[in-house]
Every structure is written in C-alpha cells, then in structure tokens.
Visitor: 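Below: one structure in structure tokens.
Worth saying up front: this structure is predicted, and the values here are computed from it rather than measured. All chains are named by letter (A, B, ...) in the order of the sequence lines, taking the proteins before the strands, and each is independently numbered beginning at 1.
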Amino acid sequence: MARAVTKQRKTLNTLVAWAVGLLIFFPILWTILTSFKTEAQAINDPPLFLFFDWTLENYGVVQERSDYMRFLWNSIILAGGSTLLGILVAVPAAWSMAFVPSKRTKDILLWMLSTKMLPAVGVLYPIYLLFIELGLLDSRVGLTIVLMLINLPIIVWMLYTYFREIPGEILEAARMDGASLREEILYVLTPMAIPGIASTILLNFILAWNEAFWTLNLTAAKAAPLTAFIASYSSPEGLFYAKLSAASTMAIAPILILGWFSQKQLVRGLTFGAVK
Amino acid sequence: MSEWLENHLPKMVLAPSFIAVLVFVYGFIGWTAWVSLTRSKLLPRYEIHGFIQYDRLFASPRWDTAMNNLFIFGALFIVIAMVLGLLLAIMLDQKIRTEGVIRTIYLYPMALSMIVTGTAWKWILNPGLGIEATVRGWGFENFSFDWVVNPDFAIYTIVLAAVWQSSGFVMALFLAGLRSVDGEIIKAAQVDGIPTWRIYTAIIIPSMAPIFLSAFIVLAHLAIKSFDLVIALTGGGPGYATDLPATYMYAMAFSRGDIGQAASSAMIMMLVVFAIVVPYLYSELRAKTDG
C-alpha cells in the first residue's frame, strides 16, 4: 500500500526497520564478533561486545586442528557440482514446459514442486542402503547426485518462472525470419535466458551449501562438507565457542557475500519467484 | 527427421527430470512403505508381517513426545512467524529508505544453514553465557532464562530459533501481497475517511488470503521437516524432550538399528504432509481450471 508519507515519518520508519534488522542480524553478528575473541573472552561474564583484544588465532587453530580447507573444498565441489548437474538436466525440461506447454504442463510442475515438500526421511534409508551397495557412502560423487536430485524440482520451477517472462513474440518473429530450432535456441533464447539461469544457479548453490540432512547422514569424513564439520565440532560445547565461531564464520561468509551482491536474486529465489 | 524431432523434442527433454523425480521420490517411498510392514531390525527384511511396526510406534512414549512436540512446535511456529512476517511486511511497506538492503538482512537467516547459526543460538540460550548472564550482569540477580536445559521449556527454544529463521521469508511473501493490492480501492477508502487500521483489517488483509494459504503451506512443511534446527540447538534433548518425528526417525535408523520403526515413523510423517499438501494442490488445480 503506497501512501504519501512525510519526510520525518519516513526517517523514523527507516530507523525502526534498521533496529529490527539489527536484532535479526544479531546472532550472525555475534558469531562473527566471537570468532575474533580468545576463548576466555568468548565466555566472559558479562559478555564483551566490541571492546576486547581482537585476535585472528582462532582461524589458524581451526585450520590446523581439523583441516578446515578440506571441508571447504568439499562444500564447494558438492554445491557447485550438484548445481551444474541440476541445471544441465533442468534447462531443457523448463524450456520445454515454458515454450511448448501442453495441457499437463501446470500439473507436472505442481507435482514436481509438491515432492519437495515431502519429508526427506521417507527416502533416506533406501538411499542409504543403495549407497552402501554401490560403495557411494561418504563419496563426493554420490552426494552430488543426491543433492542434485533433491533440488531438481526447485531448479525446474525457478527456471520455468524465468523462461515464462521471455516474450513469445520474439520467438515468433525469429521463426518468421526463418530461424531453425537450433538457431532459435542459440541466438534468441540463450541470451535472454542467461540472467534467469544465473539467478537459479545462485539459489541452488545456497540451498546445496546449507544442506545438512543429507550431508550429515551420508558422509563420515572424506566427503563431509562444512555443515557436517560444524555439527561435529559443536559437541564439546562451551569450551570452544571462539573456535566454533571462527569455523561458523568461515562457513557463512560466502553466502553472506553472495547474498549481499545479489540481493534481488536472493529475495526472488528464496520466495520461489513470488517476490521479484 | 528434423520435423519429427521438433515435435517430440519437448517431451524428450522433459523426460529425464520427470523420471528422476518419479523414481527418486515415489520409488523410494514405496520401498519405505514396504519395509514399514516387515520385522526389519538392523537389516531390512522383506516378508510382510502386517502393522506390527505401527503398533509398536503408537505404543512408544518417545514417539508420543515427538508427535506432541510437532503439534506444539508447528502451531506456535506457524502462528508467530505469520504474525511477525505480516507486521514486518506492513512496516517495510511504509516507504522505507534502503528497502532492498533491509529486505536482504531480514532474509539472511533463511539463507544460512541453521547448523551454523545454531552456534550463536546455543550461546544466546546458554544460561551461563547468553541472555541470562547478560541480564544478571545488568543487576537483575534473580533473572532466569534456562529454557534450553529445562525439559518442559526446551521445545520453545526451537520455536524461537525457527521463527527467527523464517519470519523474514514470510515477510517477503506478504510484502509481495501488499504491493499487489489495488491502490485505487485504498485511495477511495482514504478519501472516505476510513482509518488506516480499518483499511488493513477490512480491505488489504482479506484480499491477501491466497498468500496466507501459501505461507501456511510452506511453514507447515518446514515444521514437519525440521531436523537440523533440533540437531543444532538441543540434539533432541534434554533426554528426548525436544524430539521431533524427523529426529525420532533418525535415531531409530542410525543409532538404535531399528529400521522397521524408522520406516513406519517416516510413513506417518509422510501422511501428515500429504494431509496438508494434497488439499492445497487440489485447490490450486481447481483454481486453474476455473480460471
């Protein structure tokens, strides 16, 4: 509801919105701040907010003790690999549904999206057994495929909503000019589809990066990404708050930065296209 | 050849996604359903023995706690997240400066893994370190906030963290709804001197009914699937006071070696989701054919 608002009112509203934002952001901010404290300062009573001796030693210790880089590398491979694989499978499907729709298209889309709502535990055990059988347990290949499959419905859906925004008249014009199917895809559709594909890649990368259910259940050490690393780190609680915070900060930093530079896509992606 | 290709290509390229989802979801659900009817323990067995696993499940006090928790957690989480989301959306709709930045900050919790942000929540909720210690430090020596270690209240800390994670997302959905309300009607109401709160309760909010429905569906299925939230905050404890169906299933499958129980609990979760999602899909499909 757009209304006429006075200047003072607008400033006040903005301040309130920022105050709420700070409150929401506090747990994240606190993790980042704690990562720069010593262990003693991290559990100081009363808590120290900004005036402590900033130190980087936690970051060094985390890497030294638990080979943080290996988990980071696994996260990058798993999130990146499953995203690219998913895009390869989903682009043709979404293209077909957006530009050559049939009577069933909407039903198929809704059905695909509905499977995303089913709890993953229903398929966990058979996949676990299958993985043992095929020797895929704790392997990057296996987990990449599973992550691709669980996010496939969302990738198809996102791509579909983007492709639908490409005006059909352009395709008709191209056909009138005698463009073949190949040329149509290569020179007309692809350039217009790239922003949508990029946004979908971003969203899916974030989802796969954060995935905890499957990574916790299907990995042990070799293929474990950052989420599994953090989960394993947090058991002896209280003693290692500063180091755990350093590890957490390194795990969320890529998403914080990606999200900041692609605010629009983040909002649109996380709301499944409802907010543009 | 090329004409045949042009006619059939759309279907052929759709097939891999379609088949992948079909096999991956329904094939494996079928397997789980089958195993839930057997006496499987540490290893799956395939002779059907009827509903013994379900009888055991419903007789288990731990499952009882998990289902109770799901309803307490689900109801509180959905209602609070929706109310907060709506209030945040109305606030952001007042012509705010730097709106894009603020929207991103509100959405951050949803974009970060709870496994990771759970660290901060553990600290905040820890009686010796977080809120309790801070408020006591201000001089309120008798202040107490020990929900996370109190079996009667631990489930509410899960609600707290879940609301924190999702209300920004609900806000974004509602904001889109607010922006799509016809501005002319609102102007007319303002000219007629109708107070702002009446405009909201009588015109704007009723016209957003479909958004309430989708927000509800998304939140409900998040509640049922909640797993990493519990793992990150309480690990199901103290005892099994914060067990949810997903963590129950996980415990049965991986630490108790009781596949039959795991499968039957997964099937019950599945039924609960179906009970919520199917009517929604049905109404979506019908709305489409009517339009």
Side-chain angles (χ1 to χ4, degrees), chain A residues 1-2 5 10 13-14 17 21 24-25 27-28 30-31 43 45-47 89-90 92-93 96-97 100 106 110 112 114-115 117-119 121-123 125-127 129 149 152-153 156 181 206 210 212-213 227 230-231 234 237 241 244-245 248 251-252 255 259-260 263 266-267 270-271 274-275, chain B residues 6 10 13-14 16-17 20-21 24-25 28-29 31-32 91-97 100 102-107 110-113 115-117 119-123 129 133-134 137 169 172-173 176 178 181 183 186 204 221 224-225 227-228 246 249 253 262 266 269-270 273 277 281 284 288:
Chain A
M1 186 174 82
V5 183
K10 195 169 162 180
N13 288 336
T14 307
I24 292 178
F25 196 67
I28 300 166
W30 190 254
T31 307
I43 55 170
D45 180 21
V89 178
S96 137
M97 285 196 276
V100 201
K106 253 283 164 68
L110 271 174
M112 276 195 176
S114 75
T115 61
M117 299 205 162
L118 296 174
V121 296
V123 295
Y125 215 80
I127 289 182
L129 288 179
L149 285 170
L152 189 58
V156 173
L181 183 68
I206 292 176
N210 290 340
F213 183 79
T227 42
I230 305 276
S234 64
E237 52 194 283
Y241 265 108
L244 187 53
S245 298
S248 298
I252 57 177
I255 305 296
W260 192 260
Q263 292 168 16
L266 183 73
V267 172
L270 286 176
T271 56
V275 182
Chain B
E6 274 189 40
V13 294
L14 183 56
S17 299
V21 175
F24 181 72
V25 177
F28 289 136
I29 289 177
W31 186 94
T32 304
M91 184 178 79
L92 267 205
D93 198 30
Q94 310 296 317
K95 296 218 165 151
I96 297 273
R97 294 195 187 93
I102 294 179
R103 273 202 309 187
T104 312
I105 291 177
Y106 287 8
L107 262 179
M110 191 77 176
L112 302 174
S113 171
I115 289 284
V116 180
T117 46
T119 320
W121 278 101
K122 266 191 185 161
W123 184 92
L129 299 171
T134 311
F169 167 76
L173 286 181
L178 288 172
V181 175
I186 293 159
I204 298 175
H221 100 274
I224 296 166
K225 293 204 321 190
F227 172 82
D228 42 2
M249 184 273 170
M269 283 174 67
M270 212 63 97
V273 177
V277 172
L281 286 181
E284 284 277 298
K288 189 198 67 181

Visitor: Between B/Ala111 and A/Asn210, what is the shortest heavy-atom contact and its length?
Guide: O-ND2, 2.6 Å
Visitor: Checking heavy atoms, do the side chain of A/Ile24, its backbone, both or neither come under 4.5 Å from chain B?
Guide: both
Visitor: Heavy atoms, side chains only, cut-off 4.5 Å: are B/Ser113 and A/Thr227 in contact?
Guide: yes
Visitor: Donor-acceptor pair, distance only, cut-off 3.5 Å: does the side chain of B/Tyr106 make one with the backbone of A/Ala17?
Guide: yes
Visitor: Using a cut-off of under 4.5 Å on heavy-atom pairs, state which of B/Ile102, B/Ile224, B/Thr32 scores highest against chain A.
Guide: B/Ile102
Visitor: Nearest 0.5 Å please: distance from the CE atom of B/Met91 over to the OG1 atom of A/Thr14.
Guide: 9.5 Å
Visitor: Run B/Phe28 and A/Ile127 through side-chain contact (heavy atoms from CB on, under 4.5 Å) and show every step you take.
Guide: CA-CA 8 Å; B/Phe28 289 136; A/Ile127 289 182; 3.6 Å; yes
Visitor: For chain A, which candidate among B/Phe169, B/Trp123, B/Phe227 shows the most heavy-atom pairs at distances under 4.5 Å?
Guide: B/Trp123
Visitor: Check each atom of A/Val89 against the heavy atoms of chain B and say whether the ones under 4.5 Å are side chain, backbone, both or neither.
Guide: both
Visitor: So does A/Trp260 get a backbone contact from the side chain of B/Thr104, meaning a donor-acceptor N/O pair under 3.5 Å?
Guide: no
Visitor: Measure the CD1-OG1 distance between A/Ile230 and B/Thr117 for me, rounded to the nearest 0.5 Å.
Guide: 10.0 Å
Visitor: With rounding to the nearest 0.5 Å, note down the distance linking CG in A/Leu244 to NZ in B/Lys122.
Guide: 7.0 Å
Visitor: Any side-chain heavy atom of B/Leu112 sitting closer than 4.5 Å to one from A/Ile28?
Guide: yes
